[in-house]
Every structure is written in structure tokens, then in C-alpha cells.
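Beneath this line is the structure, given in C-alpha cells, with notes to follow.
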Amino acid sequence: MTELRSEPSVTAGERAMLEGWLDYHRQTLALKCEGLDDDQLRTASVPPSQLSLLGLVRHMAEVERIWFRKVLVDDDQGPIYFSEADPDGEFHLTPADTWEEAYGTWQAEIAVARRNAEGFALDDVAKAAHRRSGEAPSLRWLYTHMIEEYARHNGHADLLRERIDGVTGY
């Protein structure tokens, strides 16, 4: 596997540290998908789970969209892959679902996330409320949550990738 990641600084200020770790985990998910074809990326390789690497990328596109559009700036563009009828739609793949589309969508959502976050200080609160707590989270909370979300799913990606072709690594 090619090294696509940049190690986060060990001495950066708080914001640069949070952004560095978030980018590191974004890059880790991309790294876990590197070198696989669409069929491999669609493979749910850890039964009975329906998780696949392509599904995880689509899920993270949705997560970026929800937190950095819908919550942070109150711009609800609606879901990309899921619906009320199929709340886990990002994981329900068909042969027509491709890496090119999913990766492009994910990267576009990351670009919007970065632009939207630029207008906020770490202590600034989002313009919309968290659906469970009813409170508007700070940008610091959003960054921390996103790092946690990626880290958890990157653990899933480790297992999926190893089952597909034996490739391991962190």
C-alpha cells in the first residue's frame, strides 16, 4: 500500500491538532481502500455484517454532510444515499455503485466541511442542534466526534480489508 497519510503534528496548537487528526483518519480510510477494484470494495467480507469498504466511504460522506452542513451551518441538503424508507441505504450496495462516484462524493463533502469549519472558532457553536441532545455542539465537539467516528470505522475497515486480500497495517 502507498503511504497516503500525513502524521499529525505532536506540537501543534489545538485546532491544528484536531484538524490534523481528522485528516489523518480521513486519509486512513482512503488508504484502506487503495488498490481494490469495485467488486472488492463492495464485498461485505465479515459476515453476517453488511459492512463493506465502499459502504463505509459512502457512510462517511453522509456523516461529513450531516455534521458540517446540516448541523454546523444549518444547511440541510438532505441525504445522499439513505432515505426514510432505507435508513442504512449507504450500506446497501448494487453492482452499479462505484468507487469513483463514492470517492468523489466523499471528497466533495470533505471540501465543504473544511470550508464551513473555516468560519468558526473552536468554541463557536453550530447553527443547528444535535438531534439527540437538543444542544448546538461546538466546533471542538464536532472535530472530536468526527475523529471518533472515523477511528471507529477505520477499525472496521482494518478487518474488512484483511478479509478481502490479507493486507494489514494501521
Side-chain angles (χ1 to χ4, degrees), residues 1-34 36 38 41 51-84 86-91 93 97-157 170:
M1 291 181 126
T2 305
E3 187 60 41
L4 297 175
R5 296 178 298 184
S6 300
E7 288 287 327
S9 170
V10 296
T11 59
E14 183 181 13
R15 185 177 186 129
M17 182 79 65
L18 291 169
E19 290 173 347
W21 276 106
L22 181 52
D23 283 341
Y24 179 84
H25 281 291
R26 288 167 170 156
Q27 294 161 2
T28 297
L29 183 54
L31 180 68
K32 290 296 169 182
C33 298
E34 183 186 47
L36 299 176
D38 285 349
L41 290 166
L51 282 178
S52 67
L53 290 167
L54 191 61
L56 285 175
V57 167
R58 289 166 39 124
H59 175 68
M60 292 314 299
E62 293 281 14
V63 172
E64 295 272 0
R65 185 178 187 98
I66 289 166
W67 288 111
F68 288 104
R69 283 189 197 239
K70 184 176 180 179
V71 175
L72 186 63
V73 298
D74 197 18
D75 177 21
D76 187 358
Q77 295 289 312
I80 305 164
Y81 301 111
F82 70 87
S83 65
E84 196 171 301
D86 188 5
D88 293 322
E90 66 266 40
F91 298 113
L93 304 173
D97 295 314
T98 67
W99 171 250
E100 183 179 0
E101 183 282 324
Y103 182 79
T105 299
W106 178 42
Q107 293 305 302
E109 290 303 322
I110 289 171
V112 170
R114 287 184 177 126
R115 281 194 307 274
N116 286 348
E118 284 176 0
F120 288 77
L122 290 177
D123 290 329
D124 290 347
V125 295
K127 295 185 179 183
H130 183 289
R131 67 180 171 85
R132 288 189 300 260
S133 73
E135 296 180 81
S138 69
L139 178 60
R140 178 183 289 104
W141 186 93
L142 287 177
Y143 278 155
T144 303
H145 173 68
M146 290 298 293
I147 292 165
E148 174 272 330
E149 181 90 9
Y150 272 101
R152 182 170 47 121
H153 289 313
N154 283 337
H156 298 137
Y170 63 94

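These numbers come from the heavy atoms of this one structure, side chains and all, not from hydrogens, waters or symmetry mates.
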List for me each residue that meets side-chain hydrogen bond (donor to acceptor under 3.5 Å, both in side chains) alongside Asp86, sequence neighbours excluded, and say none if there are none.
-> His92
Rounded to the nearest 0.5 Å, what separation is found between the CD1 atom of Ile66 and the CG atom of Leu72?
-> 13.5 Å
Taking every heavy atom of Ala126 against every heavy atom of Ala136, the minimum-distance pair comes out as O-CB, 3.3 Å
Output every pair passing salt bridge (charged side-chain N to carboxylate O under 4.0 Å, His left out) with a member in residues 142-154, not counting sequence neighbours, ordered by first then second residue.
-> Glu148-Arg152, Glu149-Arg152
Gap between atom NZ of Lys32 and atom CG of Asn154 - 0.5 Å precision | 8.0 Å
Under the side-chain hydrogen bond (donor to acceptor under 3.5 Å, both in side chains) test, residues paired with Ser138 that sit two or more places apart = none
Please collect all salt bridge (charged side-chain N to carboxylate O under 4.0 Å, His left out) contacts where either partner lies in residues 121-137, sequence neighbours excluded, each pair once.
-> Asp123-Arg140
Would you please classify the geometry between the His156 ring and the His153 ring as parallel, tilted or perpendicular, with 30° and 60° separating the classes?
-> tilted
For Ala16, which residues count as a side chain to side chain contact (heavy atoms under 4.5 Å, CB included) partner, sequence neighbours excluded?
-> Ala12
Shortest non-hydrogen contact from Ala128 to Pro137?
-> O-CD, 3.9 Å
Pairing residues for Asn116 by the side-chain hydrogen bond (donor to acceptor under 3.5 Å, both in side chains) criterion, not counting sequence neighbours = none
Would you indicate whether the side-chain heavy atoms of Gln107 and Ile110 approach each other to under 4.5 Å?
-> yes
Taking all non-hydrogen atoms of both residues into account, name the closest pair between Arg15 and Ala121 and its distance.
-> NH1-CA, 3.8 Å
Heavy-atom pair with the smallest gap, counting every atom of Pro8 and Gly20 | CG-O, 3.8 Å
About how many Å separate CD of Glu7 and CD of Gln27, when rounded to the nearest 0.5 Å?
-> 9.5 Å
Distance in Å, Leu36 CG paired with Leu54 CG, rounded so as to fall on 0.5 Å steps = 10.5 Å
Is there side-chain contact between Thr105 and Tyr81, with heavy atoms separated by less than 4.5 Å?
-> yes
Say you draw a straight line from CG of Leu41 to CG of Leu56; how long is it, rounded to the nearest 0.5 Å?
-> 10.5 Å
Could you list the residues that satisfy ring-ring contact (aromatic ring centres under 6.0 Å, His included) with Trp99, not counting sequence neighbours?
-> Tyr103
Side chains of Phe68 and Val112 in contact at under 4.5 Å (non-hydrogen atoms) | no
For Cys33 and Val57, the nearest pair of non-hydrogen atoms, with its separation, is SG-CG2, 3.8 Å
Inter- and intrachain pairs under salt bridge (charged side-chain N to carboxylate O under 4.0 Å, His left out), touching residues 100-122, at least two apart | Asp23-Arg114, Arg65-Glu109, Arg69-Glu109
Contacts of Glu64 meeting salt bridge (Lys or Arg N to Asp or Glu O under 4.0 Å) (sequence neighbours excluded), chain-then-number -> Arg26
Can Trp106 and His59 be said to form a ring-ring contact (aromatic ring centres under 6.0 Å, His included), step by step?
-> CA-CA 9 Å; Trp106 178 42; His59 175 68; over 10 Å; no
Where does the angle between the aromatic ring planes of Trp67 and His130 fall among parallel (under 30°), tilted (30 to 60°) and perpendicular (over 60°)?
-> tilted
For Arg5 and Thr28, does a side-chain donor sit closer than 3.5 Å to a side-chain acceptor?
-> yes
How about Tyr150 and Val63: do any of their side-chain heavy atoms sit closer than 4.5 Å?
-> no
Grab the two heavy atoms, one from Ala102 and one from Arg58, that are nearest each other, plus how far apart they are.
-> CB-CG, 3.8 Å
Sorted by chain and residue number, the ring-ring contact (aromatic ring centres under 6.0 Å, His included) partners of Phe82 (sequence neighbours excluded) come out as none
